[in-house]
Amino acid sequence: MTPSRNLPIGIFDSGIGGLTVVRELRKVLPHEDLVYLGDTARVPYGTKSPSTVTRFAVEDTAFLVQQNVKAVVVACNTASAWALPTLESRFKVPIFGVIHPGVEAALEQSRQLRIGVIGTAATIRSRAYETALLARQDKVKVFTRACPLLVPLVEEGWMNHAVTRTVLEEYRAPLLRKKIDCLVLGCTHYPLLTTALRKLTGPGVHLVDSAESCARHVRRQLETSGLLHPHNSRKGTILSYVTDETGRFSALATRFLGAPVQQAWRVDLPTVAP
Ligand code: DGL
């Protein structure tokens, strides 16, 4: 059965970073109601094993489905990298991840087909971007790099800090030596580092923001399946849930969303049989 077009879109992430995807969704789908879940009690996912990330992602999705959403967006790159096939097979609602749209955007932008991908340790270990890029274009050369220090630096608000520039330089140098012409920012937090990264990579490297490409993809898919909200003069709402106390989430949310969030609610997630 097709879900009603009036229902909200659910979005989940390991914590707060997925608000960068919410921000992009707001731009391209301003009339939609959004329900956001940040699994702040169990963040980070990027250091965890595939089976743990998949179990968490199933519980996150089950919670959103309980909220009666018409689609689920897996904003977390790590969860998209490991859990998407499981989520697609276990749930009936349309599920959208960030990897496939990021890959499409990278292939559109790269002329030399030399593409760099940065992400959490778990995302890079999954080889999800590499596999998806090569499945679409067998001539592409993919160079990946796990950047585990970037998430805490962004959460600390050190986007323009000298320490962050040093860390970025360290991560960037081996990729630029490979002469990449496109770099996929494969993590929820990295869009906040776009300015710093652009200075380091220069104009010759196109940056692909996986949050932005995901939002455009979701819009296209909802349009194709007739699931866009029917009232396009209304302003959509955002309802936020977190699994740990709300204080830190609310304090950091403005930076990721680009606007203050309304109150967030603390919830317990359903336990789902493996
Ligand atoms: N949201 C995660 C991602 O995009 C980053 C934070 C974490 O490690 O949980 O991969």
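Ligands are counted one by one from 1 in listed order, and the atoms in each one are counted from 1 as well.
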Problem set entry | Nearest-neighbour protein heavy atom for atom 6 (C) of ligand 1, which is reported as residue plus atom name and distance |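 So the nearest neighbour among protein heavy atoms is S14 OG, 3.6 Å.
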
Exercise. Identify the closest protein heavy atom to atom 10 (O) of ligand 1: which residue and atom is it, and at what distance?
Worked result: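 Ranking protein heavy atoms by distance from atom 10 (O) of ligand 1, first comes T78 OG1, 2.6 Å.
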
Exercise. Does any N/O atom on G46 come nearer than 3.5 Å to any N/O atom on ligand 1?
Worked result: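 Such a contact does occur with ligand 1.
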
For this session: Give yes or no for whether the N/O distance cutoff of 3.5 Å, strictly under, is met between H189 and ligand 1.
Result: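 No; the residue has no nitrogen or oxygen that sits under 3.5 Å from a nitrogen or oxygen of the ligand.
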
Exercise. When I9 is tested against each of L222, D33, L227 for side-chain contact (heavy atoms from CB on, under 4.5 Å), which residue passes?
Worked result: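 Answer to the side-chain contact (heavy atoms from CB on, under 4.5 Å) test with I9 among L222, D33, L227: L222.
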
For this session: Verify, without hydrogens or angle tests, whether S80 (side chain) and C76 (backbone) share a donor-acceptor contact under 3.5 angstrom.
Result: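 Flag set: sc S80 to bb C76 pair under 3.5 Å.
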
Problem set entry | R177 side-chain N/O to R172 backbone N/O, donor-acceptor pair under 3.5 Å |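 Pair absent, no side-chain N/O of R177 close to backbone of R172.
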
Under a 4.0 Å heavy-atom limit, does [X] contact ligand 1 with its side chain, its backbone, both, or neither?
X: V43; result: side chain
X: N77; result: both
X: T47; result: neither

For ligand 1, which atoms have a heavy atom of [X] less than 4.0 angstrom away?
X: T120; result: 5 (C), 8 (O), 10 (O)
X: D13; result: 1 (N)
X: C187; result: 3 (C), 4 (O), 5 (C)

Exercise. Does G17 reach ligand 1, in the sense of a heavy atom lying below 4.0 Å from it?
Worked result: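 So G17 does not count as touching ligand 1.
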
Exercise. Does NZ or CZ of R42 come closer than 6.0 Å to the centre of the six-membered ring of F56, within 45° of the ring's axis?
Worked result: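 Yes, a cation-pi geometry.
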
Exercise. Are any of the side-chain nitrogens in E223 or R220 under 4.0 Å away from the carboxylate oxygens of its partner?
Worked result: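 No, E223 and R220 are not salt-bridged.
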
For this session: Could you check if a side-chain atom of Y129 sits within less than 4.5 angstrom of a side-chain atom of V184, using non-hydrogen atoms only?
Result: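 Of all side-chain heavy-atom pairs linking V184 with Y129, at least one is under 4.5 Å.
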
Exercise. Is the shortest heavy-atom distance from the side chain of I95 to the side chain of F91 under 4.5 Å?
Worked result: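 Counting from C-beta outward, I95 and F91 do come under 4.5 Å.
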
